[in-house]
Amino acid sequence: MRILITDSGVGGVSVVAYAERFVREQGFTEPVQLIFANAAPANDYGYNSMPDHEAKIETFDRFLRNVTERYAPDRIYVACNTLSVLLPDVHPTVPIKGIIETGVTLLFDSLHKDPSSIAMIFATQTTIDSGAYPRHLQERGIEASRIISQACPGLADTISEDREGTKARAEIEKWVGIAMDKMPSPGLPIVACLACTHYGYRKDLFTAALGSATVINPNESAVGDLFDRTGASHEAGVEFVTRYALPETTIETLTWLLRDISPRTVAAMQHFEHIPDLF
C-alpha cells in the first residue's frame, strides 16, 4: 500500500514517524510505502502567506494532481490543519482525509465524557480564522460557550527552529496564558487540542503550561485513520520529497525530536529528495 502524507511544511513529518513505528511494531496486512510530500511552494512562502482563498485552492489542487500522477498513492492523508480546511474545494482523484477530522473526533469524545469541560483549541491564525473546529464541534452538539480558540502566530516556525525549546516554551506559555484568560470561570476541566502539526512536537511544553488539562495531539492518533487493522507485514519504507531544500536548522531540530520515534523517518528527512518542479 502506498500512502502519501502531506503538510504545508514539515509538521506532518511526525505523522509519518508514528505511522512507520506502528507498522514496524504492530504490523499491517501488507507492506507499506510512506511518502511525505511537502506541499509548501517555498521555505519562506506558504499557504498562510497567499493573498486569498482562491490562490490557496489553485496551489493545493495543482499539488495534489501532480503528486498523484508522480507517486500513484492508494490514499492521501493531509497532516495539516491549514490544508485540511481546503479539502471541500479541491478535486482529488484518490481517497483523501484531513487531520481536522481526526482532531475534532478526539476533542468531541473527550468533551462528551465530561459535560463540564472546556475545549481549548491552539492553532495557526488561518485555522482559527476558518472556524473549522468550533463549527464541526457545534454540529455535533457542543455549545459555543464551551469552546475557546487561540491563534498562536509564529509558533510553528519557532518550534521547527528551536531544538533546545527555550523560545518555544516562552511562546507557548504566553499563548496559554492568553487562552486561560478567556475561560468562562476558573477551575473548569480543560481539554486542549494541538490543532497544528508542529505543536505536537512540543506537547510536553503545552502540558506543563496547562497544568491539569488533558492535551490532545492528533498527530499521534492519525495512525488510526491510516491503518484500520494489523497484520503480519512489518515493512514500511519512507520517502521524503520537497520542492525546496530544507534548512539545516529544521533538519537538526526535527532529527532531535523524532529520533526515538522513527529512525527510518529521520533518515528519509535527512536525505530528502529535492524536486523543484514537484508542482
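For the numbers below, each heavy atom of this structure counts, side chains included, while hydrogens, waters and symmetry mates do not.
- D52 CG to E58 CD: the interatomic distance, rounded to the nearest 0.5 Å, is 10.5 Å.
- Two residues are said to be in side-chain contact when any heavy atoms from C-beta on lie closer than 4.5 Å; T68 and P92 fail this criterion.
- Placement of L4 and V10 in two distinct hydrophobic clusters is found when ILVMFWY residues are connected by side-chain heavy-atom separations under 4.5 Å, directly or transitively.
- Residue pairs meeting the ring-ring contact (aromatic ring centres under 6.0 Å, His included) criterion with at least one partner in residues 242-279, sequence neighbours excluded, are F63-F279.
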Checking Y47 against T59 for the side chain to side chain contact (heavy atoms under 4.5 Å, CB included) test, could you report, in this order, the C-alpha distance in whole Å, the side-chain angles of both residues, the deciding distance, and whether it holds? CA-CA 9 Å; Y47 291 80; T59 303; 3.5 Å; yes
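- Atom NE2 of H112 sits in a sparse spot, with 12 or fewer heavy atoms from other residues, nucleotides or ligands closer than 6.0 Å.
- At a threshold of 4.5 Å between non-hydrogen side-chain atoms, the residues R140 and L111 do not count as touching.
- Annotation: E25, atom CD; neighbour count of heavy atoms from other residues, nucleotides and ligands within 6.0 Å is above 12.
- When the side-chain contact (heavy atoms from CB on, under 4.5 Å) test is applied to V176, the partners found at least two apart in sequence or on another chain are F122, I172, M180, F206, A209, L210.
- Going from atom CG of L257 over to atom NZ of K203 covers 14.5 Å, rounded to the nearest 0.5 Å.
- A salt bridge links D277 with R70: the closest approach of a Lys/Arg side-chain nitrogen to an acidic carboxylate oxygen falls below 4.0 angstrom.
- The two atoms that bring C80 and S8 nearest to each other are SG-OG, 3.1 Å, heavy atoms only.
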For Q125 and N48, what are the C-alpha separation, side-chain angles and deciding distance, and is it a side chain to side chain contact (heavy atoms under 4.5 Å, CB included)? CA-CA 8 Å; Q125 189 69 58; N48 290 322; over 6 Å; no
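- When all heavy atoms of A168 and I159 are compared, the pair lying nearest together is CB-CG1, 4.2 Å.
- Side-chain atoms of Q138 do not come within 3.5 Å of backbone N or O of E143 as any donor-acceptor pair.
- Note on I118: it does not cluster hydrophobically with I128, by side-chain heavy-atom contacts below 4.5 Å among ILVMFWY residues.
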Go through it in stages, so that I can follow the logic: the residues are I3 and D74, the test is side chain to side chain contact (heavy atoms under 4.5 Å, CB included), and I'd like the CA-CA distance, side-chain angles, deciding distance and then a yes or no. CA-CA 6 Å; I3 301 175; D74 295 295; 6.0 Å; no
One pair to check against side chain to side chain contact (heavy atoms under 4.5 Å, CB included): R21 and Q26. What are the steps and the verdict? CA-CA 8 Å; R21 185 178 68 179; Q26 305 296 322; over 6 Å; no
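- In terms of modelled atom types and a separation under 3.5 Å, the side chain of S49 and the main chain of Y45 share no donor-acceptor contact.
- Closest heavy-atom contact between S160 and H198: CB-CD2, 3.9 Å.
- A donor-acceptor contact shorter than 3.5 Å links the side chain of S14 to the backbone of G11.
- Around atom NZ of K182, more than 12 heavy atoms belonging to other residues, nucleotides or ligands sit under 6.0 Å away.
- Between the OG1 atom in T93 and the CG atom in L64 there is a gap of 8.5 Å [rounded to 0.5 Å].
- Both L226 and F28 are part of a single hydrophobic cluster, where members link through side-chain heavy atoms under 4.5 Å apart.
- For the pair C196 and A123, the tightest heavy-atom approach, listed with the atom from each and the gap, is CB-CA, 4.5 Å.
- Looking only at distances, a side-chain donor or acceptor of D61 sits under 3.5 Å from a matching main-chain atom of H91.
- Formation of a donor-acceptor pair under 3.5 Å by the T242 side chain with backbone atoms of A245 is not found in this model.
- Side-chain atoms of N81 come within 3.5 Å of backbone N or O of A195 as a donor-acceptor pair.
- Under the 4.0 Å criterion applied to side-chain N and carboxylate O atoms, R24 and E20 are assigned as salt-bridge partners.
- Ring pair F22/F227 is parallel by interplanar angle, where below 30° counts as parallel and above 60° as perpendicular.
- Taken together through direct or relayed side-chain contacts under 4.5 Å among Ile, Leu, Val, Met, Phe, Trp and Tyr, Y77 and F36 form part of one hydrophobic cluster.
- By the 4.5 Å heavy-atom criterion applied to side chains, M269 and L246 are counted as neighbours.
- Across all non-hydrogen atoms, the minimal contact from T197 to A79 is CG2-O, 2.9 Å.
- Between the side chain of R2 and the backbone N or O of Y71, at least one donor-acceptor pair lies under 3.5 Å.
- Rounding to the nearest 0.5 Å gives a distance of 9.0 Å between CD1 of I5 and CD1 of I35.
- Considering CG of L87 and CD1 of I99, their distance stands at 11.5 Å, rounded to 0.5 Å.
- Note on F60: it does not cluster hydrophobically with V85, by side-chain heavy-atom contacts below 4.5 Å among ILVMFWY residues.
- The salt bridge (Lys or Arg N to Asp or Glu O under 4.0 Å) search around D225 returns K97, not counting sequence neighbours.
- A pairwise comparison of heavy atoms in L107 and C193 identifies CD2-CB, 3.9 Å as the closest pair.
- Side-chain contact between S149 and P134 is present, with heavy atoms from C-beta onward closer than 4.5 Å.
- Looking at S117, its side chain does come within 3.5 Å of a backbone N or O of D114 through a donor-acceptor pair.
- Atom CD1 of residue I57 and atom CG of residue L86 lie 4.5 Å apart, to the nearest 0.5 angstrom.
- Residues T124 and T127 have side chains that bring a donor and an acceptor to within less than 3.5 angstrom of each other.
- Applying the side chain to side chain donor-acceptor pair (under 3.5 Å) test to pairs two or more places apart or on separate chains, those with a residue in residues 207-218 are N217-E220.
- Two residues are said to be in side-chain contact when any heavy atoms from C-beta on lie closer than 4.5 Å; V13 and D7 fail this criterion.
- The side chain to side chain donor-acceptor pair (under 3.5 Å) contacts involving residues 228-239 comprise Q33-E239, where partners must be two or more places apart or lie in separate chains.
- When I216, L194, V191, I147 are each tested for a side-chain contact (heavy atoms from CB on, under 4.5 Å) with I121, only one passes: I147.
- There is no side-chain donor-acceptor pair under 3.5 Å between Y201 and N219.
- Using a distance-only test at 3.5 Å, with no hydrogens or angles considered, a donor-acceptor pair links the side chain of R264 to the main chain of A236.
- Note on residues 152-175: pairs passing salt bridge (Lys or Arg N to Asp or Glu O under 4.0 Å), not counting sequence neighbours, are E171-K174.
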